[in-house]
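For reference, the structure is listed below as C-alpha cells.
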Amino acid sequence: MLDVLSIASRNLARYRRRTLLTLLLIVIGMVAVLLFIAVAGSFRAMMVGQITDSILGHVQVHRKGYVASIDNLPLNLNLKPPMVAKVEEDLKQNPAVETWSPRVKFGGMFSNFVETTAIRVNGVDPAREAATVPLLPGRMVEGDKAGPLVGRGQIVIPLLLARGMKTKLGDTVVVVATNRDGSVNGRTFVVRGILESATGPGGRDGYIHIDDARELLRMSEPEVSEIAVRLKDFSKLGRVEGQFRESLGGLTNKEGKPVLEVHPWSDLSPFANLARMIDLMTLFIKIVLVAIVLVSVMNVMIMAVFERIREIGTIAAIGTPPGRILSLFLAEGLMLGIVGTVAGTLVSLAAILGINLWQPTFNFGQQQNLVMAPTIAAGDVLTIAALVVVVAIVASLQPAWKASRMDPISALRHV
Amino acid sequence: MSLVRAQHLSKTYRVGDIEVPAVRGVDFVIEPASFVAFVGPSGSGKSTLLNLIGCLDHPTSGTLTVLDADIATLDRRAAARFRGSHIGFVFQDFNLIPVLTVFENVEYPLRMVQEWPAAKRRAQVLRLLEAVGMADQADKRPDQISGGQKQRVAIARALVSQPKLVLADEPTANLDHDTAYRVLQLMKKMRDEFRTTFVFSTHDPKIMGEAESTFILEDGQLLSAAHHNAAEAAHA
C-alpha cells in the first residue's frame, strides 16, 4: 500500500499546477461549507436559544386539543390538578429534566383607566418561570431585573402596550378577563416591569403571579394551561420528548384516548421554519461541495489517465495486475481528498478562530449587538472530511477502472 | 524441450467490416536460451507475433504454447500473472516510468508485480544494474540519462524478475548504430549470464545479423528461418 501511495504522490507532484488547482477547489469548497455550518449553526443556536430560553422552554405539556386552539387560549382545556400531579411526577423522575414551570394563560383586556386594549396574560410562578426560561428577566427594559419576576398584585407588561398606552413603571392598571363560565372579573395590578419582545415588535404577552391569575379567573381548583419544561441537555430533546410521550400517553380519558399532548418548542414557534431553512441551506451547500469535489477530482483523474495511456500500457504489459493499476489511480484521488481535507479543515478552523477574535455583531428581533461566535462540532468537521475523501475516491473510480481495463497493446500504441 | 511453439498460428484483426490478416498460418519453434530475431518490413506481422508470444493478444486460430502454457486459454488476469512471472519486455521507446528513478524503474516488477521482500529486491536490482553498467546512475530519473542508457535500464527491468523469456519490439529503432550494437551485445551478454531467451523484432538488416536465429516475415507469413552464429562477422 505504501508503494502505491508513494507512486501516487509522485504522479500528483508531476502535474503540480493542476494538482494545486484541484486542491484549491477542494479547500475553497470545504472552507465554504465549514464556515457556513459554523456561522449559520451559531446563529441558529442563538435564535433557538432566544425562543426557548425566554418564551417557550424546550418542551411543553398541554391537555389534548389545547395547541390546536391555542390562539383562543381556551380555558376549558386546562390541565386538572390530577393531570398536573401526574405530569409533575413524571418530570421529577426523569433525570434529563432540569426544571419546569406551570402556567395559566388567558386573553384579557388591559386598561389604564383611560384606554383599553387586548393582552395575553401568563400567570406564572416567578421563581420556576425564571428557572425554566432564564432569559426572560433579561428582557426587562424597565424594572428590576434581579428581583423576582413578578409578585402578587404586580404585572409585567410588554413594551408594545407600555408605549401604546403610555403606561409607566408603578402605574396601576386593570386587567379584565372572562372565566370559563362566561362571567367577567377584573382586578388592579401595579406595573412592576416592562418587557421587550424576544422575537419582534408584535409581542402582547404580559406576566402576573399564577395565584393572581387563578383568582382573576375564579378557578375553583389550581388548574394549569401548560407546563413548560427545561432540559439539562437541549441536544437530547428528541429522545426526552419521546420519553414524555410514552410516559404521559398512559393517562387516558374514559374512551381510552390520551388526555395529554407533548410538543417540542419547534411545534410551537414559526421560527422553527427558519431553523429548518438553515438546515436545508446547509444540506444544499454540502451538495455543492460534493459537486465541486466530484467534478474537480474526476476532471484531474480523467486527464491523468488520458496523459499516461502509454505508461498504463507499459505497466500492464510487464504484468501489473489490473487491481494494482486500479489502486494506483484510486490512491491519487484518495491523496487529493486527504490533502484537500486537511488543508481545508485547517483554513476553516483558522477562519472560525479569526471571526471569534474579530467578534462581529448582529441584531435579532429586538436583541441588538449580538456577538457572532461561530463554533463547529468535531462531528461536523469529521463528517465533512469523510464526505470529501469518499467523494474524491468515488470521483477517481471511473478513470481508475478505465485504466485498469485498458488493453495493453492499444495503450502501448497510443501516441 | 522448446520454449515457444507455434503451429498454424494466425491472427486476424477486424476493422469495421474488413478483416485484416496480420499473421497467417505461421509455424516456428524457439529453443531455450536462444537469441532470436523476427525480421521484416513494417506491417509484416513482427509486432503481432511478439504480442501473441507475450500473452498480450490471443490468436485467431492455430496454437501457441509458451513455457508449455497454451496462451489462448489465459484470461486477462491469468495472462497478466503469466507475463509478470515468466516474460520480460523491452520497448522501442524504452517506456521507463518518468516519476521513478533508474533504481525504482528496475525495481518496479519486483515491487508492484511480484512483491519480493525489500532486502532481496534491493540485492537483485543492484545486481542487474551492475550487469547492465548502470549502477552509478541508480538515483537518476529517466529524463536525466541518454537513450542508450534508458534501453540498458529497460533491459535490466526486463530481466530483474528472472524471466525465461524477454521480448524486445524494435529495441534499437530509436538508437544510433553504435549504441544499437552495444545494446544488442548487452542483451546477448545477459542471455549468456542469465540463460534467458531473447526474442526481438527489427527491420534493420545490420541488426538482424546479430541474431542466432532469424525468422523472416512478409505479409504475415514466415518466408524463411535461419539459424547461424554470425554476429561478430556481421558487425565487422
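Bear in mind that the values here come from a model prediction, so they are computed numbers and not experimental data. Just so you know, these numbers use all the heavy atoms, side chains as well, and skip hydrogens, waters and symmetry mates. First the proteins, then the strands, lettered A, B, ... as listed; each starts at 1.
- Dense packing is recorded around CZ of B/Arg121, with more than 12 heavy atoms of other residues, nucleotides or ligands lying under 6.0 Å away.
- Using a 4.5 Å cut-off between heavy atoms, B/Ile87 does not touch chain A at all.
- With a 4.5 angstrom heavy-atom cutoff, B/Leu100 touches chain A via backbone and side-chain atoms both.
- With contacts defined as side-chain heavy-atom distances shorter than 4.5 Å, the pair A/Asp407/B/Asp57 does not qualify.
- Contacts between A/Arg405 and chain B at a heavy-atom distance below 4.5 Å involve backbone atoms as well as side-chain atoms.
- By the neighbour-count criterion of 12 heavy atoms within 6.0 Å, atom CG of A/Leu280 is densely surrounded, having more than that number from other residues, nucleotides or ligands.
- With sequence neighbours excluded, no residue satisfies ring-ring contact (aromatic ring centres under 6.0 Å, His included) with A/Phe284.
- Surrounding CG of B/Asp139 are at most 12 heavy atoms belonging to other residues, nucleotides or ligands under 6.0 Å away.
- Chain B is approached within less than 4.5 Å, heavy atom to heavy atom, by A/Thr314, A/Ile315, A/Ala316, A/Ala317, A/Ile318, A/Gly319, A/Thr320, A/Pro321, A/Pro322, A/Gly323, A/Arg324, A/Leu328 from residues 312-330 of chain A, ordered by number.
- Using a 4.5 Å cut-off between heavy atoms, B/Phe82 does not touch chain A at all.
- At a 4.5 Å heavy-atom cutoff, the contact between B/Glu104 and chain A is made by side-chain atoms alone.
- Between atom CD1 of residue A/Ile409 and atom CG of residue B/Leu56 there is a gap of 5.0 Å, rounded to the nearest 0.5 Å.
- Annotation: B/His8, atom NE2; neighbour count of heavy atoms from other residues, nucleotides and ligands within 6.0 Å does not exceed 12.
- Taking all atoms of both residues into account, the shortest heavy-atom contact from B/Arg83 to A/Pro408 is NH2-CG, 4.2 Å.
- Contacts between B/Glu115 and chain A at a heavy-atom distance below 4.5 Å involve the side chain alone, from C-beta outward.
- Applying the 6.0 Å contact sphere to NE2 of B/His58 captures more than 12 heavy atoms from other residues, nucleotides or ligands.
- Chain A forms more heavy-atom pairs under 4.5 Å with one residue of B/Pro98, B/Gly84, B/Gly54 than with any other, namely B/Pro98.
- The closest side-chain heavy-atom distance from B/Asn95 to A/Glu311 is not below 4.5 Å.
- The number of heavy-atom neighbours closer than 6.0 Å to CH2 of B/Trp116, taken from other residues, nucleotides and ligands shown, is above 12.
- At a heavy-atom cut-off of under 4.5 Å, chain A is reached by B/Arg157 from residues 151-166 of chain B, listed in order of number.
- Proximity to chain B among residues 8-20 of chain A is limited to A/Arg10, A/Asn11, A/Arg14, judged by heavy-atom separations below 4.5 angstrom.
- Put simply, of B/Val99, B/Asp169, B/Val113, the one with the most heavy-atom pairs under 4.5 Å next to chain A is B/Val99.
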